[in-house]
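The chains referred to below are lettered A, B, ... by the order of the sequence lines, with proteins before strands, and numbering in each begins at 1. Quantities reported herein were computed from a predicted structural model and do not represent experimental measurements.
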Protein chains: 2
Amino acid sequence: LLQFQDVSKSYHRGTEEIHALRHVSCTIEDGEFVVVTGPSGSGKSTLLHVAAGLDKPDGGKVTFRGTDVFQFGSRKRARFRRRNIGFVFQFFNLVPTLNAVQNVSLPMLLDGIGKTEADKRAEDLLVQLGMESRLHHKPNEMSGGQMQRVAVARALIADPPVILADEPTGNLDSEAGAEVLAVLKDAAANRGAAVVLVTHDPEAAQIGDRRIAIHDGNILAAV
Amino acid sequence: LLQFQDVSKSYHRGTEEIHALRHVSCTIEDGEFVVVTGPSGSGKSTLLHVAAGLDKPDGGKVTFRGTDVFQFGSRKRARFRRRNIGFVFQFFNLVPTLNAVQNVSLPMLLDGIGKTEADKRAEDLLVQLGMESRLHHKPNEMSGGQMQRVAVARALIADPPVILADEPTGNLDSEAGAEVLAVLKDAAANRGAAVVLVTHDPEAAQIGDRRIAIHDGNILAAV
Ligand SMILES: Nc1ncnc2c1ncn2[C@@H]1O[C@H](COP(=O)(O)OP(=O)(O)OP(=O)(O)O)[C@@H](O)[C@H]1O
Ligand SMILES: Nc1ncnc2c1ncn2[C@@H]1O[C@H](COP(=O)(O)OP(=O)(O)OP(=O)(O)O)[C@@H](O)[C@H]1O
Ligand SMILES: [Mg+2]
Ligand SMILES: [Mg+2]
């Protein structure tokens with residue numbers, strides 16, 4: 001479903017070159033739940049951004065169902081991303097002027113789903129994540145972990161075939177964290193989504209089918 | 001050193017009243033390391049913001065060495081905070097236009113310490129936290145956990161008597177997280193700082209002298 005073929009990505013600062021990803025190859029199938037772990041700064045967020053077509057690699061190819069994600073221009077890539085990828089950002093990227101339900105329902109509205117249905121599904125998901133008392137709060141009226149759960153719900157609402165979750169439990173206690181992992185696991189197990197979970201939490205790392213360890217831009221193991 | 005006397009804080013949204021803190025009383029002494037745990041949304045960040053004089057309570061009193069923190073106007077309170085409190089924010093609050101060393105040295109420069117000395121201390125602290133290869137990167141050239149470590153270093157650099165750390169390891173792997181906990185523990189043990197660590201990490205919760213559990217704005221236990 002989603003494949004990296006010898007993908008490399010560097011950042012340049014003056015004369016310095018930082019190799020964020022080095023010759024990364026891996027394949028993720030429908031319904032698979034892959035956990036990515038590695039030290040802070042090792043390239044995990046970069047991996048997810050390249051997978052989503054947000055960051056262009058310097059070498060190699062990223063394909064989705066065989067199609068090169070970066071053959072499209074940025075507008076077409078954005079539409080591809082909206083339809084196929086649910087992304088839980090490490091720092092959420094919520095719309096500050098919208099409340100929880102509005103933030104979560106946005107992907108469905110953009111897909112042309114009616115407001116009534118989109119809002120209903122947004123509320124159901126938020127309630128599943130323990131957010132029933134905060135449905136109409138805006139981001140600046142929420143705690144860190146509440147914002148994180150809104151970001152998780154937004155990534156899942158349109159039932160995308162690929163879900164990329166960047167440390168989605170970093171601001172959550174064990175109970176709220178377990179709810180997040182449950183909805184991610186359910187997406188893979190019951191709706192056939194390919195899920196890539198980046199996490200520092202050793203407990204969360206247990207729930208995948210397979211684990212990829214990344215270190216200094218290199219994939220060390222695909223277990 | 002730092003004392004809450006029957007502190008309450010509410011937010012009002014239309015007719016709804018959210019009790020973020022309910023009649024909280026506690027005392028923290030010099031050199032004490034207190035860990036605060038509790039579910040997402042239970043009031044931990046609010047507790048720290050009120051302790052730092054950033055958020056005014058609706059009831060009760062916060063004192064620092066016997067002085068009411070909120071008797072000052074906001075400008076004088078800001079100066080009090082800069083001199084006495086090192087705050088690691090849940091979402092860092094770094095200056096986007098400054099690099100790591102510049103962000104960390106800022107509190108010392110504001111205190112009138114010379115640039116050479118401030119930069120040296122900033123670098124030492126950053127190296128201690130594994131940041132030696134990222135000293136001159138700006139926030140948008142760093143990973144999430146790298147930004148978090150810069151925020152930690154900034155809170156510690158001026159050796160403040162009170163350190164308030166809001167989930168300072170949420171974006172860190174276990175090794176980088178252990179480095180953060182070590183510098184916090186050292187500040188309490190060897191420099192007499194009163195440290196309040198808010199964390200969701202059960203491992204981190206072990207390192208305090210005392211633990212406070214908060215639930216729906218109530219302090220449940222001061223163990
Ligand atoms: N614009 C940039 N310029 C230079 N270096 C960068 C830039 N953006 C990221 N980096 C570096 O690339 C490396 C990989 O970053 P990435 O955000 O993928 O790490 P990560 O594994 O997600 O870390 P964390 O667990 O801390 O979130 C980091 O070491 C970071 O400093
Ligand atoms: N401006 C606001 N208006 C209404 N409610 C608010 C506002 N700011 C915070 N809250 C609510 O106050 C409660 C306490 O928030 P706080 O940020 O202290 O929680 P927390 O314990 O730090 O949570 P987390 O672990 O998720 O960071 C939350 O339930 C939040 O929704
Ligand atoms: Mg990251
Ligand atoms: Mg918080």
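- When heavy atoms are compared at a cutoff of 4.5 Å, A/Q146 approaches chain B by way of both its backbone and its side chain.
- Neither the backbone nor the side chain of A/F89 comes within contact range of chain B; no heavy atoms are under 4.5 Å apart.
- Scanning residues 13-22 of chain A against chain B with a 4.5 Å heavy-atom cutoff picks out A/R13, A/E16, A/I18, ordered by number.
- Closest of all the heavy-atom pairs between B/Q90 and A/N171 is NE2-OD1, 3.1 Å.
- Contact residues of residues 33-49 of chain A toward chain B are A/G38, A/P39, A/S40, A/G41 (heavy-atom distance under 4.5 Å).
- At a heavy-atom separation below 4.5 angstrom, chain A is approached by B/S133, B/R134, B/H136, B/H137, B/E141, B/S143 within residues 131-143 of chain B.
- With a 4.5 Å cut-off on non-hydrogen atoms, B/Y11 does not touch chain A at all.
- For the ring-ring contact (aromatic ring centres under 6.0 Å, His included) test, no residue two or more places apart in sequence or in another chain qualifies with A/F72.
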